[in-house]
K.L.:
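My structure is below; once you've seen it, I'll send some questions.
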Number of protein chains: 2
Amino acid sequence: MVPVARRMVPDARPVRYGTGKKGSPMAIERRPLREQVKDELLEQLGRGRFTPGESINEVHLAEELGVSRTPLREALISLEREGIITSERGKGFRFAPTGKQEFLDLTAILIALESLALRTSDPAHLSAIAPRLLAEARAFSAPLAPHGTIERYDDAWHALLLSGCANTRLREMIDSLKLTLHRYERVVVGDHEILERAAEEHERIAQCLLDGDVDQAVTALEANWTSGMERILERLPPAAAR
Amino acid sequence: MVPVARRMVPDARPVRYGTGKKGSPMAIERRPLREQVKDELLEQLGRGRFTPGESINEVHLAEELGVSRTPLREALISLEREGIITSERGKGFRFAPTGKQEFLDLTAILIALESLALRTSDPAHLSAIAPRLLAEARAFSAPLAPHGTIERYDDAWHALLLSGCANTRLREMIDSLKLTLHRYERVVVGDHEILERAAEEHERIAQCLLDGDVDQAVTALEANWTSGMERILERLPPAAAR
DNA sequence: ATGCTGAGTTCTGTATACAGCATTCGGCAT
DNA sequence: ATGCCGAATGCTGTATACAGAACTCAGCAT
């Protein structure tokens, strides 16, 4: 476990105000500890370190992360607003339990928001990036791939797709929802598990954009989401209910 | 200023774990201070106590609210994730500045989400509540009314409209966004300012639902949002930019 | 055996303390 | 007067301390 900050010199006067991490050399990125903690938690969530519903011992977790309870709690409260964590008065924080229904709910929201983002993007920009979208889609056309790889590629591709969306708030919401959704996916399929993909769907969307047919692209995007969702869904017949 | 908890007895041993407020008699609602603080801040925001962009002095505000900095900060961090508050490393928290563009952005998102909520609601439920929706709409058909009154009525009406939406997450997001949007509105129009309304739009939506035509209702809902947005927008020609 | 009661333990919720950054304001050079 | 530098101050970011819930489990009554 790599602590968020310092460590290794247990009794040294802690260097407050963590000096940030990699970035452009002279930028000296300084972020609040709570944000670094949040990132670290998300990172570890991604690695499947925590299971849904698992309750959190603040003292233990804070120690492991090498920070005090304060920034940890602040990170947890922030994550709570994102729906990744739940809290109950007197019982503290827990990683939110996952369920099929919530997965469906989240997907529905994400479809609506990405559609909106695409529809309100500058058409000129869309035409401009269409070739790249197409190229990327063709470059990664494997019908089978590990889930982790798919996820990374998908995120990058969708990020490019939405790069023309000027609605900042919308993009933040989409990013946040995607994080949550990834967590749901991870519960179902392991990071290295091989999954089938519908590789041509991205090509299809890109092609629509090349043709300047945004409406059609939106439809294709929705289909892409739906099929992706179904690929995940059919993996969880056992623990279906709830 | 009414403190969130206790007060009036400055040096009495504070009664920890605030005993909640009104609720069903034997329920004894106990909520974390941070949540009470959050509600209180939202309340005061609603009253126009804070101006957008205003920076927050944690010590002062905490004293005014009658709590320590810890729960206040936790409330602020939570509000930050909702987009109502901004923070900058070393400079603390500020009420998020408002701008025309963000108002438009938020409205666009809200339209998309409410449409989704309506489309995915149980049609049977929609038919069932349609008469009430119609009755409510007719009961409040004044073409002019104070902004505060409109807002309360509108919220109640829309809440009823979406009462059949089973997507919990979606409803939470809608509620949260509405809160933010109200804040934007308040910047533009005073609480008691008289505003024109398009009273018949709600009737129209209800009528569509009575007829069982959800698609048409969605269209009408979108029109309702757009016209409401425009009524607010035309109020801010002066400080337009940004 | 089962259910209730109460002391003990653990952990959360809140308050307070402390250290360093940011800002401000006066002094000096230009 | 204007602009730069440095001490002083105020405020934030983080750590720690403390009080009171919730949970655990042994002991007793039924």
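First the proteins, then the strands, lettered A, B, ... as listed; each starts at 1. Every value quoted in this text rests on a predicted model; they were computed, and no experiment measured them.
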K.L.:
Considering only C/dA22, D/dT12, D/dA15, which nucleotide approaches the side chain of B/Lys91 most closely?
P.N.:
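Of the candidates, C/dA22 comes closest.
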K.L.:
Test your reading of the model: is there a side-chain donor-acceptor pair from B/Ser163 to the backbone of B/Leu160, 3.5 Å cut-off?
P.N.:
yes
K.L.:
Rounded to whole Å, please give me the gap between CD in B/Glu63 and C1' in D/dC11.
P.N.:
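Taking atom C1' of D/dC11 as the reference, CD of B/Glu63 is at 13 Å.
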K.L.:
Look at the side chain of B/Asn57 and decide which nucleotide, out of D/dT12, C/dT12, D/dT14, has an atom nearest to it.
P.N.:
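Per side-chain heavy atoms of B/Asn57, the pick is D/dT12.
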K.L.:
Is it true that B/Arg81 and A/Glu80 have a side-chain N and a carboxylate O under 4.0 angstrom from each other?
P.N.:
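Salt bridge between B/Arg81 and A/Glu80, a charged N being under 4.0 Å from a carboxylate O: no.
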K.L.:
Is the phosphate of C/dT14 approached by B/Thr70 (side-chain N or O, under 4.0 Å from OP1 or OP2)?
P.N.:
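Checking C/dT14 against B/Thr70, no side-chain N or O comes under 4.0 Å of OP1 or OP2.
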K.L.:
Of B/Gly92 and A/Pro71, whose nearest nucleotide on DNA chain D comes first from the 5' end?
P.N.:
B/Gly92
K.L.:
Please work out if A/Leu72 contacts a base, only the sugar-phosphate, or nothing of the nucleic acid, heavy-atom cut-off 4.0 Å.
P.N.:
nothing
K.L.:
Of the listed nucleotides (D/dT14, C/dG13, C/dT14), which one gets closest to any side-chain atom of B/Arg73?
P.N.:
D/dT14
K.L.:
So that I can tick it off, tell me whether B/Arg132 and B/Glu136 are bridged by a salt bridge, with the cut-off set at under 4.0 angstrom between side-chain N and carboxylate O.
P.N.:
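Salt bridge flag = no for B/Arg132 with B/Glu136.
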K.L.:
Test side chain to side chain contact (heavy atoms under 4.5 Å, CB included) on B/Thr107 and B/Tyr184; report intermediate values, then the result.
P.N.:
CA-CA 10 Å; B/Thr107 307; B/Tyr184 277 73; over 6 Å; no
K.L.:
So does B/Gly190 get a backbone contact from the side chain of B/Glu193, meaning a donor-acceptor N/O pair under 3.5 Å?
P.N.:
yes
K.L.:
Side chain of B/Leu33 only, please: which of C/dT12, C/dA15, D/dC11 is the nearest?
P.N.:
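The answer is C/dA15.
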K.L.:
Taking only the side-chain heavy atoms of B/Glu58 (C-beta and beyond), determine which of D/dC11, D/dT16, D/dT12 contains the nearest atom.
P.N.:
D/dT12
K.L.:
Just how far, in rounded Å, is P of C/dT12 from CG of A/Leu61?
P.N.:
10 Å
K.L.:
Can I get a per-line list of side-chain donor-acceptor pairs under 3.5 Å for residues 109-117 of chain A, giving both atom names and the distance, sequence neighbours left out?
P.N.:
unit_1, atom_1, unit_2, atom_2, d
A/Glu114, OE1, A/His158, ND1, 3.0
A/Glu114, OE1, A/Trp225, NE1, 2.9
A/Glu114, OE2, A/His158, ND1, 3.3
A/Glu114, OE2, A/Lys178, NZ, 2.7
A/Ser115, OG, A/Ile111, O, 2.8
A/Ser115, OG, A/Glu222, OE2, 3.0

K.L.:
From CD of A/Glu88 over to P of D/dA21, roughly how many Å is that when rounded to an integer?
P.N.:
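Taking atom P of D/dA21 as the reference, CD of A/Glu88 is at 17 Å.
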K.L.:
Which nucleotide in the list D/dA15, D/dG13, C/dT14 gets nearest to the side chain of B/Pro32?
P.N.:
C/dT14
K.L.:
Could you tell me whether B/Glu35 contacts a base, only the sugar-phosphate backbone, or nothing, with contacts defined as non-hydrogen atoms closer than 4.0 Å?
P.N.:
nothing
K.L.:
Using whole Å, report how far CD1 of B/Ile77 lies from P of C/dT14.
P.N.:
14 Å
K.L.:
Roughly, in whole Å, what's the span from CD1 in B/Ile56 to P in D/dT12?
P.N.:
9 Å
K.L.:
Between the base of C/dG13 and the side chain of B/Arg31, is one N or O donor paired with an acceptor at under 3.5 angstrom?
P.N.:
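Under the 3.5 Å cut-off, the side chain and the base do not form any donor-acceptor pair.
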K.L.:
For B/His60 and D/dC11, give me the distance from atom NE2 to atom C1', rounded to whole Å.
P.N.:
10 Å
K.L.:
Should the pair A/Arg94-A/Glu54 be classified as a salt bridge under the 4.0 Å nitrogen-to-oxygen rule?
P.N.:
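Between A/Glu54 and A/Arg94 there is no salt bridge, as every charged N stays at least 4.0 Å from the carboxylate O atoms.
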K.L.:
Rounded to the Å, how far apart are B/Arg69 CZ and C/dA17 P?
P.N.:
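Checked: the CZ to P distance equals 12 Å.
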K.L.:
Could you give the CG-to-C1' distance, from A/Leu76 to C/dT12, as a whole number of Å?
P.N.:
12 Å
K.L.:
What protein N or O atoms touch nucleotides 6-8 of chain C N or O atoms at under 3.5 angstrom, if any, and at what distances?
P.N.:
none

K.L.:
In sequence, state the C-alpha distance, the side-chain angles, and the governing distance for B/Val37 and B/Leu76, and then conclude on side chain to side chain contact (heavy atoms under 4.5 Å, CB included).
P.N.:
CA-CA 9 Å; B/Val37 168; B/Leu76 293 176; over 6 Å; no
